Enquirer: 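Pasting a structure here, questions to come.
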Amino acid sequence: MAYDFWVNETLYDAWGQRFRVKRELARVQSGFQDIMIFESETHGRVMMLDGVVQITEADEFSYQEMIAHVPLLAHGAAKNVLIIGAGDGGVLRRVLQHKGVERAVMVEIDGEVIRLAKEFLPGIAGDAWNDPRAQVLVADGIDYVRQAPDASFDVVIVDSTDPIGVGEVLFTDEFYANCARLLTPRGLVVNQCGVPQMQADELRETSIRRGKAFADIWAYVAAVPTYVGGFMTLGWAGKDASCRAVPVEEIRRRAEAAGILGTTRYWTPEIHVGAFHLPPYIAEHLPQT
């Protein structure tokens, strides 16, 4: 008997993607969202939250490498890193690949995402959960940044859902003001800002909000096939504009010292530098300087 079960993504009303499912692995309604993990025919295992694709085994590296390696290498001396969200553990794994990182605090509001990722997507985080430098908290990221001591982190990585539902509070003026306070003098924040072809308002509005608390506002891009619609933007908010203008030779030197040069499938020193050069259709949604 032919098996023909498809899952449709529900992010947009009038456009989307669908996956043919080999088997459903988990379907849980947590206290925050609907979580589904299934095995696809084309992209390995897939996690969806509230009907929206969060991660697939086939292309997770594109997103995880760019959201983690770019800020850490742009900073150049990050020892303390705060990760908000990222319950699958992939960002934590990439952050801990950097030899210079002494502490990585991950704050995920939904413990079910962590539990299910450990069980059904173990390859995403690898051994990161057990790294002594990692502190994994099931807690509210908003409360955490509100209470964190001044200048206690060098980099903040916000890997959240889109600014709807449980992720909405991570895109407020107060959140970014607290990020600026808890960061060291050269500190910076990166966060996913959606696909500009379909979500330009997200990039525009969050850039304005970040600009109230940070001097250097920009974005960089990554091509992640299952985040449909073209380039995904990663919002950039820094205290020191020089972090965004590090020459490719220095990025390569830092990557070698960190121990990640030659280990990546998407990120390279050249991709790092080039990702900040935006097509006009994306750049037009950023504050004009």
Side-chain angles (χ1 to χ4, degrees), residues 54-55 60-61 63-119 121-160 170 178-192 234 238-239 243 246 251-267 272:
Q54 301 301 311
I55 192 165
E60 57 90 21
F61 65 90
Y63 179 75
Q64 315 272 28
E65 290 178 6
M66 291 299 282
I67 202 172
H69 295 329
V70 170
L72 266 61
L73 294 169
H75 184 283
K79 293 180 170 58
N80 296 287
V81 180
L82 174 61
I83 304 164
I84 304 291
D88 54 73
V91 175
L92 181 67
R93 173 185 162 202
R94 268 39 177 237
V95 166
L96 291 170
Q97 287 177 340
H98 291 251
K99 294 176 183 177
V101 170
E102 297 174 358
R103 178 177 62 129
V105 178
M106 173 182 149
V107 185
E108 164 62 55
I109 198 168
D110 194 341
E112 283 294 279
V113 173
I114 297 174
R115 181 184 72 82
L116 293 167
K118 286 180 176 180
E119 182 174 354
L121 298 164
I124 300 294
D127 297 328
W129 303 118
N130 304 314
D131 193 302
R133 296 171 295 162
Q135 180 183 6
V136 178
L137 306 173
V138 177
D140 186 344
I142 301 299
D143 290 340
Y144 189 91
V145 301
R146 192 179 286 135
Q147 298 169 21
D150 293 1
S152 53
F153 290 95
D154 302 302
V155 171
V156 177
I157 299 172
V158 184
D159 179 20
S160 68
L170 296 174
N178 276 316
C179 285
R181 180 188 56 75
L182 64 80
L183 282 166
T184 48
R186 290 180 60 250
L188 53 95
V189 178
V190 297
N191 69 295
Q192 74 90 357
L234 295 159
K239 295 186 176 185
C243 290
V246 181
I251 292 295
R252 182 177 289 106
R253 188 197 66 77
R254 292 178 183 181
E256 188 166 16
I260 69 156
L261 195 66
T263 70
T264 57
R265 296 185 65 203
Y266 186 103
W267 182 95
H272 177 120

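The structure displayed is predicted, hence computed values, not measured ones.
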Enquirer: First locate atom CD1 of Ile142, then atom CD1 of Ile109, and finally report the distance between them rounded to the nearest 0.5 Å.
Expert: 8.0 Å

Enquirer: Taking Gln192 for the side chain and Val158 for the main chain, is one N or O donor matched with an acceptor at less than 3.5 Å?
Expert: no

Enquirer: Is it the case that the side chain of Asp159 and the backbone of Gly85 share a donor-acceptor pair, with hydrogens and angles ignored and the cut-off at 3.5 Å?
Expert: no

Enquirer: What is the minimum heavy-atom distance between Ala117 and Gly87, and which atoms define it?
Expert: CB-O, 4.0 Å

Enquirer: Would you confirm whether Lys239, through its side chain, and Ala180, through its main-chain N or O, come within 3.5 Å as a donor-acceptor pair?
Expert: yes

Enquirer: Should Glu112 and Arg115 be marked as a salt bridge (charged side-chain N to carboxylate O under 4.0 Å, His left out) after you check the CA-CA gap, both sets of side-chain angles, and the distance that decides it?
Expert: CA-CA 5 Å; Glu112 283 294 279; Arg115 181 184 72 82; 2.9 Å; yes

Enquirer: Under 3.5 Å, is there a donor-acceptor pair linking the side chains of Arg103 and Asn80?
Expert: yes

Enquirer: Taking the side chain as every heavy atom from C-beta outward, state whether Leu72 and Val81 have any atom pair closer than 4.5 Å.
Expert: yes

Enquirer: May I have the step-by-step check of side-chain contact (heavy atoms from CB on, under 4.5 Å) for Val190 and Val70, ending in yes or no?
Expert: CA-CA 9 Å; Val190 297; Val70 170; 5.9 Å; no

Enquirer: Nearest heavy-atom pair of Ala255 and Trp267: which atoms, and what distance?
Expert: CB-CH2, 3.5 Å

Enquirer: If we ignore hydrogens and angles and just use 3.5 Å, is the side chain of Arg186 paired with the main-chain N or O of Cys243 as donor and acceptor?
Expert: no

Enquirer: Identify the two heavy atoms, one from His69 and one from Arg94, that lie closest to each other, and give their separation to 0.1 Å.
Expert: CE1-O, 3.6 Å

Enquirer: For side-chain contact (heavy atoms from CB on, under 4.5 Å), just list the numbers for Leu73 and His98, CA-CA rounded to whole Å, side-chain angles, deciding distance to a tenth of an Å, and then say yes or no.
Expert: CA-CA 9 Å; Leu73 294 169; His98 291 251; 3.8 Å; yes

Enquirer: Okay, side chain of Lys118, backbone of Trp129: is any donor-acceptor separation there less than 3.5 Å?
Expert: no

Enquirer: Could you measure the distance from the CG atom of Leu137 to the CE atom of Met106? Nearest 0.5 Å is fine.
Expert: 9.0 Å

Enquirer: Nearest 0.5 Å please: distance from the CG atom of Asp154 over to the CG atom of Leu182.
Expert: 10.5 Å

Enquirer: For residues Arg93 and Glu60, report the shortest heavy-atom separation together with the two atoms involved.
Expert: NH1-OE2, 4.3 Å

Enquirer: Nearest 0.5 Å, what's the CD1-CG distance between Ile157 and Leu188?
Expert: 9.0 Å

Enquirer: Find out whether Glu108 and Val136 are in side-chain contact, i.e. whether some heavy atom of one side chain is under 4.5 Å from a heavy atom of the other.
Expert: no

Enquirer: Quick one: closest heavy-atom pair of Val95 and Ala68, and the distance?
Expert: CG2-CB, 4.1 Å

Enquirer: Nearest 0.5 angstrom please: Asp140 CG to Ile84 CD1, how far?
Expert: 9.0 Å

Enquirer: Minimum heavy-atom separation for Cys179 and Val189, please, with both atom names.
Expert: CB-CG2, 3.8 Å

Enquirer: Does any N or O in the side chain of Arg254 come within less than 3.5 Å of the main-chain N or O of Ala74, such that one atom is a donor and the other an acceptor?
Expert: yes

Enquirer: Atom CD1 of Ile260 and atom NZ of Lys99: how far apart are they, to the nearest 0.5 Å?
Expert: 11.0 Å

Enquirer: Would you mind reporting whether Leu82 and Val145 have side-chain heavy atoms less than 4.5 Å apart?
Expert: yes

